[in-house]
Amino acid sequence: MTGRFHPRRPLYPVVSVLAALLTLIGALALARSVWGSVFVGAVWLLLCLFGLARLCLRTLPFLLAYLAGFGLLFYLASGGNAVFTWQMVNRLAGVGVAVLPGLAMAPVRLTRCLTALGCPRLPALGMLITTSFVPVLAGEIGRVRGAMRTRGVTTLWAPAAFYRALLIPLLVRLVNLSDTLALSVETRCFVRDGSSCTVYRPVVLTGRDVGFSAIFLAVLALALCAPALGLSAPIQEVLA
């Protein structure tokens with residue numbers, strides 16, 4: 001969830017979370033049918049149409065490589081079973097597409113949204129810290145590696161170099177960050193009780209978010225109800 005993946009017009013955070021969860025559930029439920037592939041593709045296209053096109057296109061090569069690699073692995077492991085491979089690719093594609101709304105969601109927007117909805121402040125703050133930890137950790141590792149190269153350390157294969165040049169400095173930096181964060185929270189008079197608070201930039205539900213939710217639920221309902229409508233398409237019949 002780094003900043004370069006955040007679109008100019010992001011979706012409502014709760015909508016993003018629910019869309020990711022339902023995408024994963026739908027892909028798993030429809031994995032044995034061609035509708036699983038159709039559903040995942042429709043969700044990807046829907047995200048493109050509602051402001052996430054840049055993110056979807058930038059991550060598409062990685063998604064295709066991820067599906068091709070694991071698809072080949074499952075194909076070889078199953079002895080050339082194309083049906084099993086397609087089913088597994090449907091599940092993996094659902095996981096890959098479900099990640100996209102989370103990548104496009106800024107952690108601070110999620111925190112503001114939860115605060116506005118009356119979520120307790122402690123879980124909201126904990127979620128903000130958790131979702132921000134990965135990019136912060138990546139940045140700190142990059143700074144430590146830069147310092148190592150400056151001092152002539154070019155390899156981490158030696159246990160002594162890994163321990164003294166990377167692990168210890170990284171732990172010290174993380175401890176300093178936690179102290180700074182604790183001081184920042186205390187300075188801003190953070191309290192755990194239910195006292196009232198204001199949101200500097202409120203996150204509101206827009207008509208665009210409602211439209212996305214309606215279309216997404218319609219696609220999901222159509223895919224799940226396809227067998228009852230006589231539109232079932234098992235992968236075995238398609239490949240037969």
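Sorted by first and then second residue, the pairs that involve residues 37-66 and meet ring pair (Phe, Tyr, Trp, His ring centres under 6.0 Å), not counting sequence neighbours, are Phe50-Phe212, Tyr66-Phe70. Among pairs with a residue in residues 207-227, those fulfilling side chain to side chain donor-acceptor pair (under 3.5 Å) read Thr206-Asp209, at least two apart in sequence or across chains.
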Determine all donor-acceptor pairs shorter than 3.5 Å in which one atom belongs to a side chain in residues 97-106; sequence neighbours excluded.
none

Result block: side-chain N/O donor-acceptor pairs under 3.5 angstrom for residues 12-27, not counting sequence neighbours:
residue : atom : partner : partner atom : Å
Ser16   : OG   : Tyr12   : O            : 3.3
Thr23   : OG1  : Ala19   : O            : 2.6

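Partners of Ser78 according to the side chain to side chain donor-acceptor pair (under 3.5 Å) rule, which considers only residues two or more places apart in sequence or in another chain, do not exist here. In this structure Pro10 satisfies the side-chain contact (heavy atoms from CB on, under 4.5 Å) test together with Pro7, Arg109, sequence neighbours excluded. Residues passing the side chain to side chain donor-acceptor pair (under 3.5 Å) test with Thr85, sequence neighbours excluded: none. With sequence neighbours excluded, the residues forming a side chain to side chain donor-acceptor pair (under 3.5 Å) with Arg173 are Glu140, listed by chain and number.
Cluster annotation: Leu28 is connected to Val89 through the hydrophobic network of ILVMFWY side chains, with a link wherever side-chain heavy atoms come within less than 4.5 Å. A continuous path of hydrophobic side-chain contacts links Leu46 to Leu57 [ILVMFWY only; heavy atoms under 4.5 Å]. Hydrophobic clustering, with ILVMFWY side chains joined whenever heavy atoms are under 4.5 angstrom apart, groups Leu64 together with Val40.
Across every non-hydrogen atom of Ala31 and Asn90, the tightest pair is O-ND2, 3.0 Å. Cys56 and Leu47 get closest at one heavy-atom pair: SG-CB, 3.8 Å.
The CG atom of Leu67 lies 11.5 Å from the CE atom of Met88; values are rounded to the nearest 0.5 Å. The distance from the CG atom of Leu220 to the CD1 atom of Ile215 is 13.5 Å, given to the nearest 0.5 Å. Going from atom CG of Leu63 over to atom CG of Leu92 covers 9.5 Å, rounded to the nearest 0.5 Å.
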Give the C-alpha distance, both sets of side-chain angles, the deciding distance and a yes or no for side-chain contact (heavy atoms from CB on, under 4.5 Å) between Leu205 and Val210. CA-CA 8 Å; Leu205 185 68; Val210 175; 4.1 Å; yes

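Around atom OH of Tyr75, no more than 12 heavy atoms belonging to other residues, nucleotides or ligands sit under 6.0 Å away.
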